[in-house]
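To start, the structure under review is shown below, and the notes come after it.
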Amino acid sequence: MQKNREQWNSKIGFILAASGSAIGLGNIWKFPYIAGENGGASFILIYLFCIAIIGLPVLIAEILLGRTTQRNPVGAFRKLTESKFWIGVGGMGVVSGFLILSFYAVIAGWAIGYIVEALVGNFSHFSTGAVASEHFNSLVTDIPWIVGYFTLFMIITMLFVYLGIQKGIERGSKIMMPILLVLLVILMIRGITLEGSEEGLAFLLNPDWSKIDAQAILIALGHAFFTLSLGMGAMLTYGSYMSKKDNVASAALQIVILDTVIALIAGVAIFTSVFAVGLDPSAGPGLIFHTIPAVFAKMPGGYYFSILFFSLLSIAALTSAMSLLEVVVAFFVDDLGWNRKKATIAMGFVVFLLGLPSALSFNILADYTLFGKTFFDIIDFLASNIFLPLGGFLIAIFVGYVWGFDKVLANLREGAENLFDNYPYVITTWKFFLKYLSPVLIFIVLLHSLGIIDLIF
Ligand code: TRP
C-alpha cells in the first residue's frame, strides 16, 4: 500500500518538529501556573524527577514503535501483532488526535485573536485585570470572533500538513521553533529587568516544601506526561518518519531538554511580569488571557510585548496542532491508501465540525451541560484525562512486555551502537523504568484523573 514514505530531511528537523509538538499551550500556559500554585521550586524539582522517570522512558518507547514500523499508531500495532486489542489501542490514539485538536484549536484561535486585539490597539480593554476579564468574556461570547479565529487556525494547521513532512511540518518547525525561542527570551529579559521582578523569581524559584503533598506530586506526574505529547501516538507518528541511522534515545533526550527549558523560561517570563505589576499570580487557568494582557497594558511598550507574547503562544500551539492532525492523516494515508492532500482536507474538515460545539460551549451552548461540564469540558476531560494516560500506560506495557524485549533492544540499538556498547547501564536503567516504574505511575495518574484516588485518600 505504501509507495515512497517520506522521511525527515535531517535529525535536527525531527528534533525541532517533535519539540514543536511537545512545546505548546501546556508549557506556556499550564506549567507556570501549576508550578506557582504548588510550591514553586519544590514542585519544579519533583516535576524534573517525573520527566526523567516516566516522560523520557515512555517517549523513547513511542518514538521506537514508530521508527521500527514506519507507520501511524494503528498501522504500527497491526505490523507487530494480530491482536485486535492492541490495534484498538492504536485506534484510540487516532481518535484522541481528532478530539484533542478539536478543542486545542479553539484556544489557539484565541491566541491569534489576541494578536489582532493588540495590533489594533484595543488597549483600554485591558487596563486592569477586571476589565481584561470582562473583555475576554465579551470576546468569547462573540460567535463570529470565536468561530472565525478557530477556523483560521485550522486552515493554517492544515496547510502545513497538506505540504507534507519535509516541505510542510519540518520546514515550518525549522522556521518557527527558533522564532519561538527568541520571542520567549526577549519576554524573559523584559520580565527580569522590570522593577520588582525579584518577587516573581522568588515565587517561582524558592522552594516551599509545605505545599508538596500527594496532590502536587500527581499534578507533576500528569503534566510530565501531557507536556511531552505522550499517550496517543503523536511521537510515534513523528518517529515513523525517522531514519534507522539516527539515535532514538539521544533524540528523545534532546526533546525532553528543550521542552523543559522552554517551560522554565516561560515561567520566569510570566511570573516576573505578573508580580512586577502587582497582579494575582494564582489566577489559574485564566492567567494567560485575563492577566497577561493587563500586565502588558501597564508596562511601557507593553503594546509590542503583547503582540510578541500572543505570537509566541500561537506558534507554540500551531506546531503542536500540526502533530495532532498528522496522526490522523498518517492513518488515512498508511492504512486506507488515501493521498495526503485528500486526507488533510477531509479530516481537517471533520475536526472543524467536531470543534464547532466546543467553540460554542463558551456562548450559546454554555448551558447545555452533562455533570456540570460543557461539550468543551467533556471532550477535554475524555481525551486528556482518560485516553492519554490510558494510552500511555498501554504503550509502556506493550513495549515492556508484549512486543518481546529482545526485539525492542535490537531495534533501539540501531543508530545507538555507541550507547549500547559503552554505556550499557543506561539501557538497563531504561528497561527498569519502562517495565516497572512507568506503568505503575501512569496508572496512578489515570486513577487520579478519574477522581478515584481522591476517594481513597
Ligand atoms: N504537549 C502539548 C502541550 O504541552 C499538548 C499535547 C498533549 C499534545 N498531547 C498531545 C500535542 C499530543 C500534540 C499531540 O501543549
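Residues: numbered from 1 along the sequence shown. We count ligands from 1, going down the list as the structure has it; atoms in each ligand are counted the same way.
- Note: Trp8 CH2 to Lys174 NZ = 10.5 Å, rounded to the nearest 0.5 Å.
- Classification of Arg67 and Glu62 as a salt-bridged pair fails, no side-chain N sitting under 4.0 Å from a carboxylate O.
- The backbone N or O of Leu228 lies less than 3.5 Å from no partner atom in the side chain of Asp259, so there is not a single donor-acceptor pair.
- In this model, a donor atom of one side chain and an acceptor atom of the other lie less than 3.5 Å apart for Ser250 and Lys11.
- The OG1 atom of Thr237 sits 6.5 Å away from atom CE of Met232, with the distance rounded to the nearest 0.5 Å.
- With salt bridges taken as basic N to acidic carboxylate O contacts below 4.0 Å, one links Arg5 and Asp334.
- Near ligand 1, residues Ser21, Ala22, Gly24, Leu25, Gly26, Asn27, Tyr104, Phe226, Thr227, Ser229, Met232, Ala234, Ser320, Ser323, Leu324, Leu388 come within 4.0 angstrom through at least one heavy atom.
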